[in-house]
Amino acid sequence: MASAGTTTSDLWAELPESVRQEIDVFETELRRVQTGQMPEKVFLEFRLRHGVYGQRQDGVQMQRIKIPMGVLSTDQMIRLADLTEEYAVGVAHITTRQDVQYHYVDINDTPNLMRRLAGVGITTREACGNVVRNVTACPQAGVCTDEIFDVTPYARAMAYFLLRHPDAQNFGRKFKIAFSGCGDHPCGLARMHDIGAIAKVQESGGTQVKGFQVFVGGGLGALPFQAKLYSDFLPADHLMPLAQAISRVFARLGEKQNRAKARMKFLIAKLGFDEFKRQVEFELKKLPHDPQWQAQIDDAMVDYHDQPLRDPSELKIPEDASPELLRWLDVNVRPQAQQGYSTVEVFLPLGDISSDQLRGLANLCRRYVQDTIRTTVEQNLLIRWVPNGDVLDFHQGLKELELADIGAGRMADVTACPGTDSCKLGIASSRGLAAVLQEKFANGLSRLADRDDLKIKISGCFNSCGQHHIADIGLFGSVQRKGVHSAPVFQITVGGTTKNNASSYGLAVGKVAAKNAPDAIAKLTDLYTAGKKQGESFNTFVERMGRSRMKEELAEYAVKTAYEQSPELYEDNRQPWEYKKSLGVGECAGEVVDQAEFMLEDADRLNFEATLALDAGNWSNAAEKSLEASKKASDGLLSTRGLLLSDRYDTVAEFRKHFYDTGQFFKPFADNFFRAVDEPIQGVTPERARQRVEETTLFIEQAQTVYTQS
C-alpha cells in the first residue's frame with residue numbers, strides 16, 4: 001500500500017494491470033455515453049455493475065462500495081474517510097449488506113474515486129446491477145462463543161470466485177449470498193438469500209468434515225419467499241461448484257423481460273423445486289473442473305488473518321463506574337470465544353458515520369486491535385479482539401468521537417433504507433421516521449429503547465430494502481389520498497423475526513399516518529408487554545392474539561381526519577411541508593441487458609482503442625486490439641446459442657459452425673476475421689493494421705445485425 005503523501009498517479013502505477021484496465025474502461029465508457037457513442041440503456045447497467053446508482057436528486061449519484069463479509073482494515077477506513085470528504089458530503093453510510101455508500105457524488109469523479117479505493121484493496125465492481133451482490137457473513141464469525149466454525153474464509157472464497165465470473169454476468173436480476181456460523185442467531189440471515197450457507201460439521205470416517213446446510217431461493221422484495229433447503233449437508237469444497245451451477249441455471253432459465261418476476265425465487269416457483277434441482281445437477285455434471293474452486297479456499301485460508309494486536313487481559317470495572325458506562329458494557333460489549341478479549345459494537349444511528357469519526361475510529365483501533373473491524377447487517381461497526389483490560393480506555397476514546405451511543409442490538413437499533421432522502425422509489429421517509437424514533441427513545445420512549453426482544457426495520461416502499469419483513473415490527477412507506485391531499489403513511493407488518501437466520505416473515509396488519517408511527521409502535525410494544533406469556537416471543541404472541549387484534553389496536557393512528565383538522569398528518573417525518581408523492585424510475589437492478597449486448601458494446605470499445613493505437617503509430621497493438629474486438633463480438637453472438645465462456649470453447653471453431661456454415665453471417669466479413677486469426681501480429685505493416693481495423697468495424701456491424709435478427 002502507498003505511504004502517506006503518495007500521489008494518485010503513484011498509487012495508480014502500483015495497481016495490478018487488470019484493475020487499472022477495468023477502471024480505465026469504465027472511464028472510457030463514461031466519456032462515450034456522454035458524447036452519444038454508447039446507448040444509455042447499456043451504460044445504465046454497466047455503471048450499476050460498478051456501483052454507481054442514480055439518486056432521486058438530478059445530477060448526482062450514489063456510489064456503493066463493496067466490503068465482502070464486512071471486513072475492513074484501518075487503512076481502508078482512513079481512505080474511506082478521505083474520499084467521503086473529497087467526493088461525497090462528509091458522511092459514509094453502512095448498508096444492510098455490509099457495504100459502504102456515499103451520496104451526492106458527481107459521476108465525473110467516480111473513476112478517480114474507484115482508483116483511490118483500489119489502492120487499498122476495495123472495489124465497487126458488482127455492488128449494484130443484475131449480478132452477484134456483496135457476499136455477507138456473520139460479523140462475529142471466528143470470535144463467536146457458539147458458532148460451528150469460522151465461515152469467513154469460505155465466504156471470502158465465494159465472494160472473489162464469483163466476482164467478474166462469466167457465468168454470473170447474464171442474470172435477469174440481482175443475486176444474493178450469505179454465510180452464517182450457526183443456525184440459531186440472526187447474524188447471517190442465511191434463509192432470506194438466493195444462496196444461504198449455514199455452517200455444519202458431519203462425521204465421516206472418524207473425522208469431522210466441515211460443510212454447510214444450504215438454502216436456496218430466498219428473498220424479500222415486494223413479495224418475500226422463504227428459502228428452501230437444498231442440502232442438509234454439503235462438504236465445504238463442493239459449495240463453489242454448486243454456486244456456479246446455480247448461477248448457470250438462473251442465467252439460462254431465469255426471467256429476462258418482467259423484472260418484477262426475475263429473481264431466482266420466482267424461477268424456482270415456476271419450475272418447481274424438484275425440477276430446479278434437476279437442472280442444477282445437470283449443470284454440475286457438465287461443469288468443466290475449475291482449479292479455482294479449491295484455490296480460492298486455499299488462498300482465503302492463507303490471506304485471511306484475524307489476530308489480536310495486544311495480549312489478553314482482564315476487565316476491571318471501577319466501583320464508581322457510572323450507570324451509563326455499565327449500560328454500555330452490558331449492551332455494546334460481548335465476550336469473545338477467545339478468553340481475555342471482547343467485541344465492541346459501535347452503534348451508528350441510521351447507519352451513518354462522519355469522515356472525522358471514521359478517521360478517528362481507525363486511529364483508535366490502531367492502538368488496540370489489528371485490522372479486525374467489520375460492518376454489520378444492522379448498519380453498525382463491530383470491533384473485534386479488544387483486550388478486556390483495554391475496554392474502558394476504548395470506551396473513553398469512543399466518547400471523545402461521539403461514538404459511544406448505547407443501543408446496539410436493542411430496540412433503539414432501528415434499521416432503515418434511504419427512502420425519500422435519496423432513492424427514486426422511496427414513497428415515505430424511512431430515515432426520517434428512524435431519526436424521530438431515535439429522538440423519542442432518548443426522550444419519551446426511553447422505556448422501550450433498551451429492549452432486546454423486539455427489532456424495528458423500516459423501508460421507504462414495499463421493496464423491503466430496510467428488511468421490514470423480518471422485523472418483529474416492520475414498516476414500509478405508502479401513500480393515502482384524502483380528497484385533494486395526499487398523506488404519507490406506513491404499512492405495519494408484524495410476526496417476522498431475524499432469529500434462526502430469518503426463519504419467518506411478517507404480514508401487514510394496517511396503515512398508520514407517518515407522523516403517528518412512533519405512537520403505533522409504542523402501542524404494539526405495550527400490548528406485548530402486558531399480554532405475553534413467560535418466554536413468549538413477539539411473533540408467537542402475534543399468532544396467539546391474531547392479526548385482527550393487531551389491526552384494531554392500530555386503528556386510532558390511521559389518517560382519518562380532514563386536512564383542515566390535522567394538517568400535520570399530511571407532512572412526513574423531518575419534512576415540515578405538505579407531502580407530495582414523487583417517484584422516479586428505480587435502478588436497483590437496472591434494465592435487463594443481455595450478455596450479448598455487453599459483449600458487442602465491448603467489441604466496439606476495443607475496436608475504438610485499436611483506432612487510437614493507429615493514431616499513435618502502434619501498428620501491432622492496433623492489430624491485436626482489432627482481433628480481440630472481433631473475438632468479443634463472436635463470443636457475444638455465441639452466447640445467444642447457449643455457449644458459456646466458462647466452457648472454454650474455441651471461439652473461431654464455434655463461430656464457424658453456428659454462423660458461417662449456416663449462412664447466417666455475411667461470409668466476406670467472416671473471411672476477413674478468419675484471415676486475421678491466422679496472420680501474425682508482430683511486424684504488421686501500417687497499411688495492413690489499418691485494413692484490419694476497418695475489417696473489424698464491418699465485422700462488428702454485421703454481428704449487431706445478426707444479433708438484432710436473432
- Task: Could you please spell out the steps behind the salt bridge (charged side-chain N to carboxylate O under 4.0 Å, His left out) verdict for Arg690 and Glu687?
- Result: CA-CA 5 Å; Arg690 182 174 296 278; Glu687 181 181 8; over 6 Å; no

- Query: Rounded to the nearest 0.5 Å, how far apart are CG of Asp604 and NZ of Lys632?
  - Reply: 12.5 Å

- Message: With ring-ring contact (aromatic ring centres under 6.0 Å, His included) as the test, pick out the partner of Phe674 among Tyr660, Phe665, Phe669.
- Response: Tyr660

- Query: Between the main-chain N or O of Phe462 and the side-chain N or O of Ser459, is there a donor-acceptor pair closer than 3.5 Å?
  - Reply: no

- Item | Any donor-acceptor N or O pair under 3.5 Å, side chains Gln279, Arg252 | yes

- Query: What do the steps show when you test Arg675 against Glu679 for salt bridge (charged side-chain N to carboxylate O under 4.0 Å, His left out), and what is the final call?
  - Reply: CA-CA 6 Å; Arg675 184 171 73 253; Glu679 285 179 350; 3.8 Å; yes

- With Lys228 as the cation and Phe215 as the aromatic partner, state whether NZ or CZ is under 6.0 Å from the six-membered ring centre and within 45° of the axis. no

- Rounded to the nearest 0.5 Å, how far does CD of Gln226 lie from NZ of Lys265? 11.5 Å

- Message: With rounding to the nearest 0.5 angstrom, report the CD to CG distance, Gln169 to Asp594.
- Response: 12.5 Å

- Side-chain heavy-atom pair Ser626, Phe699 within 4.5 angstrom cut-off: no

- Query: Which is it for Gln55 and His103 under the side-chain contact (heavy atoms from CB on, under 4.5 Å) test, yes or no, and what are the steps along the way?
  - Reply: CA-CA 8 Å; Gln55 282 193 197; His103 290 91; 3.2 Å; yes

- Task: Output, in order, the C-alpha distance, side-chain angles, deciding distance and verdict of salt bridge (charged side-chain N to carboxylate O under 4.0 Å, His left out) for Arg692 and Glu695.
- Result: CA-CA 5 Å; Arg692 288 177 62 143; Glu695 290 170 356; over 6 Å; no

- Item | Side-chain donor/acceptor of Glu45 to backbone N/O of Lys41, under 3.5 Å | no

- Is a side-chain N or O of Arg64 found less than 3.5 angstrom from the main chain of Asp99, in a donor-acceptor match? no

- State, to 0.1 Å, how close Gln101 and Pro418 come at their nearest heavy-atom pair, and which atoms those are. NE2-CG, 4.4 Å

- Validation row: Arg116, Tyr87 side chains within 4.5 angstrom (heavy atoms): yes

- Task: Answer yes or no: are there more than 12 heavy-atom neighbours, outside Asp58 itself, under 6.0 Å from its atom CG?
- Result: no

- Task: Classify the side-chain pair Ser646/Asp167 by whether it contains a donor and acceptor separated by less than 3.5 Å.
- Result: yes

- Item | NZ/Lys667: more than 12 non-hydrogen atoms of other groups inside 6.0 Å | yes

- Glu601-Gln704 side chain donor-acceptor pair, cut-off 3.5 Å: no

- Message: Is there a side-chain contact (heavy atoms from CB on, under 4.5 Å) between Phe161 and Gln244? Walk through the geometry before answering.
- Response: CA-CA 9 Å; Phe161 173 67; Gln244 185 179 349; 3.4 Å; yes

- Assess whether atom NZ of Lys286 is packed by more than 12 heavy atoms of other residues, nucleotides or ligands within 6.0 Å. yes

- Query: Should the ring pair Phe276 and Tyr230 be called parallel, tilted or perpendicular, given that the plane angle runs from 0 to 90° and is split at 30 and 60?
  - Reply: perpendicular

- In terms of ring plane angle, is the pair Phe46 and Phe43 parallel, tilted or perpendicular, where the classes change at 30° and 60°? tilted

- Message: I'd like to know whether Ser639 forms a side-chain hydrogen bond (donor to acceptor under 3.5 Å, both in side chains) with Asn170, so could you lay out the CA-CA distance, the side-chain angles of the two residues, the decisive distance to 0.1 Å, and finally the verdict.
- Response: CA-CA 10 Å; Ser639 73; Asn170 200 27; 6.0 Å; no

- Message: Using a 3.5 Å distance criterion without hydrogens, assess whether the side chain of Thr124 forms a donor-acceptor pair with backbone atoms of His50.
- Response: yes

- Answer yes or no: is there a side-chain heavy-atom contact under 4.5 Å between Met114 and Arg125? no

- Please confirm whether the backbone N or O of Ala88 pairs with a side-chain atom of Thr84, one donor and one acceptor, at under 3.5 Å? no

- Output for pair (Ile65 CD1, Thr95 OG1), nearest 0.5 Å, gives 10.5 Å

- Is it the case that Thr35 and Gln37 place a side-chain donor and acceptor less than 3.5 Å from each other? yes

- Below 4.5 Å, heavy atoms only, C-beta onward: do Leu644 and Asp647 meet side chain to side chain? yes

- Message: With no hydrogens and no angle check, just 3.5 Å: does a side-chain donor-acceptor pair link Tyr649 and Asp635?
- Response: yes

- Is Lys631 atom NZ crowded by more than 12 heavy atoms from other residues, nucleotides or ligands, each under 6.0 Å away? no

- Item | Heavy-atom pair with the smallest gap, counting every atom of Ala168 and Leu162 | CB-O, 4.2 Å

- Query: Taking Gln98 for the side chain and Ala137 for the main chain, is one N or O donor matched with an acceptor at less than 3.5 Å?
  - Reply: yes

- Task: Spell out, as yes or no, whether a donor-acceptor pair under 3.5 Å connects the side chain of Thr110 to the backbone of Asp106.
- Result: no

- Item | Test: Arg248 and Glu283 ion pair at under 4.0 Å | yes

- Message: Run the side-chain contact (heavy atoms from CB on, under 4.5 Å) test on Ile427 and Thr420 for me, step by step, so that the C-alpha distance in whole Å, both residues' side-chain angles and the decisive distance to 0.1 Å come before the verdict.
- Response: CA-CA 6 Å; Ile427 299 174; Thr420 54; 5.6 Å; no

- Modelled atom types, side-chain donor and acceptor of Asn108 and Gln34, under 3.5 Å: yes

- Message: Just so I know, are the side chains of Leu189 and Gln467 near enough to count as touching, which here means a heavy-atom distance under 4.5 Å?
- Response: yes

- Item | Nearest non-hydrogen partners of Pro288 and Arg648, listed with the distance | CB-NH1, 4.3 Å

- Message: If I take atom CZ from residue Arg173 and atom CG from residue Asn258, how far apart are they, to the nearest 0.5 angstrom?
- Response: 10.0 Å

- When the ring planes of Phe250 and Phe175 are compared, do they come out parallel, tilted or perpendicular, using 30° and 60° as the limits? tilted

- Task: Establish, for the pair Arg605 and Phe608, whether the NZ or CZ atom is under 6.0 angstrom from the six-membered ring centre and no further than 45 degrees off its axis.
- Result: no

- Message: If only side-chain N and O atoms count, and only distance matters, is there a donor-acceptor pair under 3.5 Å linking Gln76 with Arg79?
- Response: no

- Side chain Arg32, main chain Met38, donor-acceptor under 3.5 Å: no

- Message: Please tell me whether Tyr160 and Gln296 have a donor and an acceptor in their side chains that are separated by less than 3.5 angstrom.
- Response: no

- Is there side-chain contact between Ile297 and Pro153, with heavy atoms separated by less than 4.5 Å? no

- Within a strict 4.5 Å, meaning less than it, do heavy atoms of the Met240 and His165 side chains meet? no

- Task: Could you tell me whether Glu29 and Arg47 have a side-chain N and a carboxylate O separated by less than 4.0 Å?
- Result: no

- Taking the side chain from Lys625 and the backbone from Thr611, do they hold a donor-acceptor pair closer than 3.5 Å? no

- When you check the gap from the basic side-chain N to the acidic O, do Arg115 and Glu27 get nearer than 4.0 Å? yes

- Non-hydrogen side-chain atoms of Lys657 and Arg641 separated by less than 4.5 Å: no

- Task: Indicate yes or no for a side-chain donor-acceptor contact from Glu255 to the backbone of Gln257 under 3.5 Å, with no hydrogens or angles considered.
- Result: yes

- When every non-hydrogen atom of Ile67 is compared with those of Asn134, the smallest separation belongs to O-ND2, 2.9 Å

- Query: Could you give the distance from CG (Leu267) to CD1 (Ile246), rounded to the nearest 0.5 Å?
  - Reply: 11.0 Å

